[in-house]
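To keep things clear, I will list the structure first and then write my remarks on it.
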Amino acid sequence: MATSGQALCSSLRGPLVADRERARSCALDWMLVTPQELAAALARILSELVAERGAELIVTEQDTAVERPKNREHGDWASNAAMKFAKRLGVNPRELAQQIAERAERIDGVARAEVAGPGFINVTLDAASAGETARRVVEAGESYGRGDALRGQKINLEFVSANPTGPLHLGHTRWAALGDSTARVLRAAGAEVTSEYYINDAGSQMNKFGRSVLAAALGEDAPEDAYPGAYIQTLGERVREQIPELAELAASDRDAALAQAQELAYQLQLAEIKDSLERFNVHFDVFFSERTLHTPGEQGEPSPIAAAVDRLREQGHVFEADDAIWVRTTDFGDDKDRVFTRGNGVYTYFAADAAYYLSKKDRGFGEKIYLLGADHHGYIGRLTAIAGAAGDDTETDITVLIGQLVNLNGARLSKRAGNIVELDDLLEWLGSDALRYWLARYPADSPLSLDGEKLRSRSNDNPVFYVQYAHARTCAVDRNAAQAGVDRSSFAPELLTHETETELLGKLQQYPGVVAGAAELREPHRIARFLEELAAAYHRWYDNCRVLPLAGEEIGDLHRTRLWLNDAAGQVLRNGLDLLGVSAPERL
RNA sequence: GCCUCCGUAGCUCAGUGGAUAGAGCAACGGCCUUCUAAUCCGUCGGUCGCAGGUUCGAAUCCUGCCGGGGGCACCA
């Protein structure tokens, strides 16, 4: 929550508490009707009707969930529960809707409940009931929108996991942005989340990396299969500086020199990656080294990989054929069995994956989420199979999310084509906020292209500015209000009757549901889309409803109440941007 | 060939079985002596790839086809 903390409008701090007390004492305690509460009330009503008919049906709040109708004439909230239940109760949907509506109209805070179309129940709230939301939001502050839909779930979320043999590039940025935002959203819904980066620091790629850097450090020609890129030269120079005796050592013991150069280069590169991620406001709880999976215990215990193979063998999933050791992943839906140990006795990458999975399981995680690019699509089957072989539920204990790759200005990113753009370059060019927002704005499975010119533009082409501007506006209003003497000493929610106020309040009420939905679906882009709608509603309200009195006008309850609404809008914009890892500046 | 994702306005894309399918951009036209015009308002713009099916109701679910991306290693 660091982002939103620092972004708090300054004048919101001191006087607010006193204002709150005053407002509380002079305002009536209105029945608040949030969509959640309305759904619960409708569920009670429908349950009564079901019972009166002697039917045995269980009605949950899910069944009577209300949604914001697209058409303003359809009220504030609409439910299709009558249509869903009519058949099961053997009644006409409109008739059932009518009975629900009659009782719903008696709920405190409901102004009207009408039946429309094939059986919709359209509910309109009292202005005061809706307006009460503004105060609730301000009082909840940073916690508004947080919920417990996922409470009790211990989730491991792995993403990025780029090889530490080079800088992060565009190909990794989408998962960095999406993964970090997903972690924040899951936490906001009450889940206990560990975000994790798997470091592929074992195997032939590391050796290749080591040889490349050593050659650079010694000023030799690059080896045949060396990593390309200027960063290898830079790493070589740093290695040479930090190991002055490297050339001497290489002459006498090439392998020892390689080992030292490789290890140092690895540490330097990993530190760079961590720095880049930090600048991108992406946080990992755990950096998990693949190497530790290959390392035997100090008392000579088998390595985690060996132990994992043994465990799966005991479960009867391992067999030998063609000089290799296999795991029968086809028992769990994979399209072919996989090799654990090659003919030459070396573990495959997949064996490490299996050991890593078991590590996550042993560390107590229920759901393990993998965020992978579409180029790893082939991994779904085998990862899922390992979960099954480990005795986990392949439906609930593992989730492999596959996302589409990113284009840059329409040009497909390709290592071979050499048009790699490093994350650091992108950050310098576009800034973290614009980049993160843009990457988090689309569903993972939707193709996405990064248009540099658009992201640099400070216009509506670039939705992050639209949202940030709305937030900055709430802060400007707040500052001006303080100057003009508009305070929060009264709160009269029944005065918030303008069309744009109803709309804005509706958006504020939707936010907790949006967070919960984004968490359950693992779709942080829903937060971004919501923020754009909220910002639009705020801008329209700002355009129509003044917080500050005009010249010669006296300050009244309406101005003060609107100040609460302004604060509430700013708070929700801040909370939402924080879930995306985007800052909420007080001025633009 | 098999698996998977995508196909929605001129462009980029939203849309968790609901009402007349939305937003931004582009194009055209409006609003600043009033809290930030990076805002707002209006107009134009659609066989939701095609064809069946499921049902009170389908852009959404199922099947088939067409078009595009990606994947199908004893690589890492």
Side-chain angles (χ1 to χ4, degrees), chain A residues 65 67 69-71 73-74 78 80 83-84 86-87 92-93 116-120 122 163 165 200 202-206 208 290 321-326 335-336 338-352 373-381 402-405 407 412 441-449 451 454 457-463 465-466 468-470 472-481 483-484 486 500 517-518 520-521 523 525-526 528-529 532-533 535-536 538-551 553 559 562-563 566 587-588:
Chain A
E67 63 177 29
K70 278 171 261 178
N71 190 332
E73 290 164 16
H74 294 153
N80 59 13
M83 290 182 286
K84 286 196 288 194
K87 194 170 209 174
N92 178 299
F120 290 102
N122 295 334
N163 284 354
T165 54
N200 297 127
S204 63
Q205 290 300 312
M206 280 302 288
K208 186 169 127 181
E290 178 190 354
D322 307 328
D323 292 336
I325 297 174
W326 298 68
D335 52 4
K336 62 183 74 166
R338 306 289 169 177
V339 172
F340 265 169
T341 308
R342 296 201 290 263
N344 60 11
V346 176
Y347 288 117
T348 60
Y349 190 81
F350 183 60
D375 52 340
H376 284 70
H377 160 255
Y379 282 62
I380 300 175
I402 297 294
Q404 295 296 305
L405 272 31
N407 288 33
R412 166 76 48 200
R441 192 172 176 257
Y442 300 93
D445 54 12
S446 162
L448 184 157
S449 58
D451 185 329
K454 189 177 274 194
S457 77
R458 318 195 114 218
S459 72
N460 249 0
D461 262 356
N462 197 351
F465 284 113
Y466 183 75
Q468 286 184 322
Y469 178 54
R473 250 187 175 174
T474 66
C475 295
V477 169
D478 187 61
R479 287 190 296 266
N480 294 333
Q483 184 127 34
V486 179
T500 59
E520 275 160 28
L521 295 165
E523 292 185 339
H525 77 274
R526 289 169 185 276
R529 299 292 170 163
E532 288 163 37
E533 291 172 17
Y538 177 79
H539 285 311
R540 272 194 288 272
W541 173 72
Y542 175 92
D543 219 56
N544 283 279
C545 299
R546 291 184 57 87
V547 172
L548 268 60
L550 289 168
E553 194 184 358
H559 300 115
R562 280 178 174 167
L563 182 57
N566 179 74
R587 300 168 196 268
L588 283 188

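Keep in mind that what you see is a predicted model, and the values were worked out from it rather than measured. Naming convention: chains lettered A, B, ... in sequence-line order (proteins, then strands); numbering from 1 in each chain. Both backbone and side-chain heavy atoms feed into the values below; hydrogens, waters and symmetry mates do not.
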Ranking B/rC6, B/rU36, B/rA19 by distance to the side chain of A/Arg479, first place goes to B/rU36

- Query: Charged N to carboxylate O under 4.0 angstrom, A/Arg546 versus A/Asp543?
  - Reply: no

Check every strand shown and say whether A/Met206 touches a base, only sugar-phosphate, or nothing at a heavy-atom separation below 4.0 Å.
nothing

Margin query: Taking A/Val346's backbone N and O only, do any of them form a donor-acceptor pair with A/Asn344's side chain (distance below 3.5 Å, no angle check)?
Written below: yes

Let's test your reading of the model: under 3.5 Å, does the base of B/rA19 pair with the side chain of A/Asn122 as donor and acceptor? yes

(message) Below the 4.0 Å mark, does B/rC5 have OP1 or OP2 next to a side-chain nitrogen or oxygen of A/Ser446?
(response) no

B/rG1 -> Watson-Crick or G-U wobble partner, both distances under 3.5 Å, gives B/rC72

Exercise. Ignoring hydrogens and geometry, is there a side-chain-to-backbone donor-acceptor pair from A/Asn163 to A/Thr165 under 3.5 Å?
Worked result: no

Measuring only the P atom in each nucleotide, how far is B/rA21 from B/rA27? A whole number of Å is fine. 27 Å

Fill in: Any donor-acceptor pair under 3.5 Å from A/Thr348 side chain to A/Val339 backbone
yes

Applying the 3.5 Å cut-off to both distances, the Watson-Crick or G-U partner of B/rA21 turns out to be none

Mind checking A/Asn80 for me? I need base, sugar-phosphate or nothing, with any heavy atom below 4.0 Å counting as a touch.
base

Of the listed B/rA14, B/rC13, B/rU36, the closest approach to the A/Ala472 side chain comes from B/rU36

Heavy-atom nearest nucleotide on RNA chain B taken for A/Ala535 and for A/Tyr347; more 5' hit belongs to A/Ala535

- Expressed as a whole number of Å, how far does the C1' atom of B/rG15 sit from that of B/rA73? 40 Å

*When the P atoms of B/rC75 and B/rC13 are considered, how many whole Å apart are they?*
37 Å

Requested in this report: State whether the side chain of A/Trp326 and the backbone N or O of A/Ala321 hold a donor-acceptor pair below 3.5 Å, judged by distance alone.
Outcome: yes

Remember a base hit wins even if backbone is also touched, and classify A/Pro549 as base, sugar-phosphate or nothing at under 4.0 Å, heavy atoms. nothing

Decide, applying a 5.5 Å centre-distance limit and a 30° plane-angle limit (both strict), whether A/Phe120 stacks on B/rG18. no

So what does A/Asn163 touch, heavy atoms closer than 4.0 Å: a base, only the sugar-phosphate, or nothing? sugar-phosphate

(message) Applying a 4.0 Å non-hydrogen cut-off, can you work out what A/Ala78 is touching in the nucleic acid: base, sugar-phosphate, or nothing?
(response) base

Discussion item. Less than 4.0 angstrom between a side-chain N/O of A/Arg473 and OP1 or OP2 of B/rA37, yes or no?
Written reply: yes

Side-chain contact check for A/Tyr542: nearest option of B/rC74, B/rA37, B/rG18 is B/rA37

ask   = Which part of the nucleic acid, if any, lies within contact of A/Gln404, taking any heavy atom under 4.0 Å across all strands shown: a base, the sugar-phosphate backbone alone, or nothing?
value = base

Rounded to whole Å, the CG-P distance (A/Leu448 to B/rG70) equals 16 Å

Per the O4'-C1'-N9-C4 / O4'-C1'-N1-C2 angle with a 90° window around 0, B/rC32 comes out syn

When rounded to whole Å, the CZ to P distance for the pair A/Arg529 and B/rA23 reads 13 Å

Remember a base hit wins even if backbone is also touched, and classify A/Tyr442 as base, sugar-phosphate or nothing at under 4.0 Å, heavy atoms. sugar-phosphate

Q.
Distance alone, cut at 3.5 Å: any donor-acceptor contact between the side chains of A/Asn566 and A/Tyr542?
A. no

>> Are there over 12 heavy-atom neighbours, none belonging to A/Glu553, within less than 6.0 Å of that residue's CD?
In response: yes

When we call it a touch if two heavy atoms are under 4.0 Å apart, what does A/Gly378 touch: a base, just sugar-phosphate, or nothing? sugar-phosphate

Reckon A/Lys70 has a side-chain N or O less than 4.0 Å from the OP1 or OP2 of B/rU20? no

(request) Give a yes or no answer on whether the side chain of A/Arg529 reaches the backbone of A/Arg441 with a donor-acceptor pair at less than 3.5 Å. (result) yes

Regarding the side chain of A/His377, the nearest nucleotide among B/rC74, B/rG70, B/rA14 is B/rG70

Requested in this report: Kindly indicate, with the supporting measurements, whether the criterion side chain to side chain donor-acceptor pair (under 3.5 Å) is fulfilled by A/His539 and A/Arg473.
Outcome: CA-CA 9 Å; A/His539 285 311; A/Arg473 250 187 175 174; 3.1 Å; yes

Taking only the C1' atom of each, what is the distance from B/rU8 to B/rA14 in whole angstrom?
10 Å

Contact under 4.0 Å: A/His74 side-chain N or O vs B/rU20 OP1/OP2
no

Contacts of A/Pro118 and A/Lys336 projected onto RNA chain B by closest heavy atom; the upstream (5') one is A/Pro118

Taken to the nearest whole Å, CG/A/Asn407 to C1'/B/rC11 is 15 Å

Open item on the list: Need one value for A/His539: base, sugar-phosphate or nothing, where a base atom within 4.0 Å counts as base even if backbone is also close, heavy atoms only.
Closed with: sugar-phosphate

Using a heavy-atom cut-off of 4.0 Å across all strands, would you classify A/Gly117 as base, sugar-phosphate, or nothing?
nothing

When we call it a touch if two heavy atoms are under 4.0 Å apart, what does A/Arg526 touch: a base, just sugar-phosphate, or nothing?
-> base

Check your understanding: Are A/Arg342 and B/rA73 close enough that a side-chain N or O sits under 4.0 Å from OP1 or OP2?
Key -> no

* To do: Using a 4.0 Å heavy-atom cut-off across all strands, classify A/Asp445 as base, sugar-phosphate, or nothing.
  => sugar-phosphate

Review point. Are the side chain of A/Asp451 and the backbone N or O of A/Lys454 linked by a donor-acceptor pair below 3.5 Å?
Key: yes

By the Watson-Crick or G-U definition, both distances under 3.5 Å, B/rA27 is matched with B/rU43

Here the distance between atom P of B/rG24 and atom NZ of A/Lys454, to the nearest Å, is 13 Å

What interatomic distance, in whole Å, is found between C1' of B/rA37 and the corresponding atom of B/rC31? 9 Å

Between CD of A/Glu533 and P of B/rG24 the distance, given in whole Å, is 11 Å

Q. What integer number of Å spans the P atoms of B/rU4 and B/rC65?
A. 13 Å

Heavy atoms under 4.0 Å, any strand shown: does A/Thr165 hit a base, just sugar-phosphate, or nothing? nothing

If pairing means Watson-Crick or G-U wobble with both distances under 3.5 Å, then the partner of B/rA9 is none

Respond yes when some side-chain nitrogen or oxygen of A/Tyr466 is under 4.0 Å from OP1 or OP2 of B/rC40, and no when none is. yes

B/rC56 and B/rG24, which share atom name C1', separated by this distance in whole Å: 36 Å

To the nearest angstrom, the CD-C1' distance between A/Glu290 and B/rC75 comes to 12 Å

Quiz item: How would you label the contact of A/Arg540 with the nucleic acid (heavy atoms, under 4.0 Å): base, sugar-phosphate, or nothing?
Solution: sugar-phosphate

note: A/Glu523, atom CD; B/rU16, atom P; distance rounded to Å ~ 8 Å

Checking B/rU20, B/rG71, B/rC74 against the side chain of A/Asn71 (C-beta onward), the nearest is B/rU20

Side-chain atoms of A/Tyr469 come closest, of B/rA38, B/rG71, B/rC72, to B/rA38

Across every strand shown, the nucleotide meeting Watson-Crick or G-U wobble geometry with B/rA38 (both distances under 3.5 Å) is none

When both distances are under 3.5 Å in a Watson-Crick or G-U wobble arrangement, the nucleotide paired with B/rU63 is B/rA51

- prompt: Taking atom P in both B/rG45 and B/rA51, what distance in whole Å separates the two?
  reply: 23 Å

